[in-house]
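Whatever order the structure lists ligands and atoms in, that order sets their numbers, starting from 1.
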Amino acid sequence: MNNRFLSENLKNLTPYTPGEQPQNKKYVKLNTNENPYPPAPAVLDAIKNVSHADLRLYPDPNCTQLRDTISECYGVKPENVFVGNGSDEVLGFAFQTFYQGKKPIIFPDITYSFYPVYCGLYNIEYVTTPLKEDFTINLDDLLNENGGVIIPNPNAPTGRSLPLDEIRRIVEGNQNSLVIIDEAYIDFGGQSAIGLTNEYENLLVIHTLSKFRSLAGIRVGYAIGHKDLITCLETVKNSFNSYTINRLSLAGAIAAINAADYYNECAAKIIETREATVEKLEALGFTVLPSTANFIFVTHKKVNAEDIYLKLKDAGVLVRYFSKPAKINNYLRITIGTDEEMNIFHNKLKTIVQ
Ligand SMILES: *Cc1c(COP(=O)(O)O)cnc(C)c1O
């Protein structure tokens with residue numbers, strides 16, 4: 001972008017590139033890690049029950065009822081909970097609030113590609129630590145002097161996760177900087193660090209309702225941490241927009257947090273489908289990284305990943321291909337869909353790689 005009125009500090013801004021969201025053609029959509037199952041029935045009921053007349057009123061700027069519900073769900077206090085308009089917004093607030101210090105922050109070289117974008121937006125310096133050969137995170141690098149540490153657990157797009165004792169080591173080894181654990185996919189088999197937030201004042205754990213709770217469409221995410229961290233986030237949020245979460249999203253999110261049984265069942269199904277998919281892909285000559293997420297990261301021994309991506313797209317199946325960085329440009333990230341969707345995917349894939 002270029003315009004003579006553009007602020008000087010934004011001249012080199014590169015925005016995040018989201019996965020394709022085609023609006024014209026119907027695909028088997030395995031490219032943006034959405035949940036293949038619908039939200040809990042109670043969610044739509046709650047949204048429908050929002051009073052029509054109340055829509056003329058601003059929503060609760062403190063999101064009191066939603067924060068109470070989240071705090072009960074995780075056994076923390078409402079003062080330990082910050083909510084935002086999708087976890088992307090929560091992450092954005094966190095970068096702005098905590099990472100504009102003098103020292104560079106650190107994150108893995110292969111990770112959620114929104115992190116370097118926030119650094120560009122807020123003029124935050126960063127260094128990256130290379131993943132190990134097996135695509136796991138190099139813990140020792142995260143203990144070097146830094147202005148903050150952020151990792152997704154499980155990592156995206158690899159799907160690999162760190163056990164809780166290693167997360168604890170990262171938090172303990174960084175007493176002077178804030179560690180953010182982005183747990184967007186934690187409910188598909190990982191170990192959450194929320195339980196550590198009452199032990200460490202330098203830990204912030206961020207969740208989203210977009211994946212496990214099938215609600216990417218209503219944009220709600222939250223952070224859990226020490227109450228002073230939450231107060232800082234609130235102050236920045238209230239200096240930007242007091243009413244980030246609308247009434248419909250608030251109602252839907254509260255119902256979703258209360259529907260744990262429904263969502264645990266969906267997640268169990270996804271895990272089962274994931275494991276079956278891994279077996280089938282290995283039989284087709286794919287190498288599949290171990291995943292505790294609702295997606296898998298794969299490479300084929302003979303057929304080029306970009307070719308597979310393009311041919312699948314032609315055949316009506318969307319998966320995610322990253323042309324950069326070079327380290328992952330022969331990999332595909334495949335979201336786990338329903339069994340039916342995965343069968344269609346598998347049949348198309350078979351003809352492509354055989
Ligand atoms: C999907 C995702 C998010 C963003 O979730 P929203 O709440 O939809 O903004 C954050 N972090 C990671 C690692 C993700 O994959």
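Looking at Asn62 and Thr64, their side chains never bring a donor and an acceptor atom within 3.5 Å of each other. Counting only N and O atoms by type, the side chains of Thr335 and Asn33 include a donor and acceptor under 3.5 Å apart. A side-chain donor-acceptor contact under 3.5 Å links Tyr115 and Asp182. A donor and an acceptor atom, one from each side chain of Tyr200 and Arg168, are located under 3.5 Å apart. Under the 3.5 Å distance criterion, with hydrogens and angles disregarded, a donor-acceptor pair is assigned to the side chains of Thr111 and Asn155.
Backbone and side-chain nitrogen or oxygen atoms of Tyr115 are examined, and none is located within less than 3.5 angstrom of a nitrogen or oxygen of ligand 1.
In this structure, Asn176 places its CG atom where only 12 or fewer heavy-atom neighbours from other residues, nucleotides or ligands lie under 6.0 Å away.
The protein atom (non-hydrogen) at minimum distance from atom 8 (O) of ligand 1 is Ser210 OG, 2.6 Å. From the protein, the heavy atom lying nearest to atom 15 (O) of ligand 1 is Tyr185 OH, 2.5 Å.
Looking at Ala156, Ser113, Ser87 and measuring to atom 10 (C) of ligand 1, the nearest heavy atom belongs to Ser87. When the heavy atoms of Glu183, His207, Lys211 are ranked by distance to atom 2 (C) of ligand 1, first place goes to Lys211.
Here the CD1-CG distance, from Ile137 to Leu139, works out to 8.0 Å after rounding to the nearest 0.5 Å.
Numbered from 1 in the order shown, with element, the atoms of ligand 1 that lie under 4.0 Å from a heavy atom of Gly86 read 7 (O), 9 (O). For ligand 1, the atoms lying closer than 4.0 Å to a non-hydrogen atom of Thr208 are 5 (O), 6 (P), 7 (O), 8 (O).
For Arg219, the closest heavy-atom approach to ligand 1 falls below 4.0 Å.
The part of Asp182 lying near ligand 1 is the side chain, judged by heavy-atom distances below 4.0 Å.
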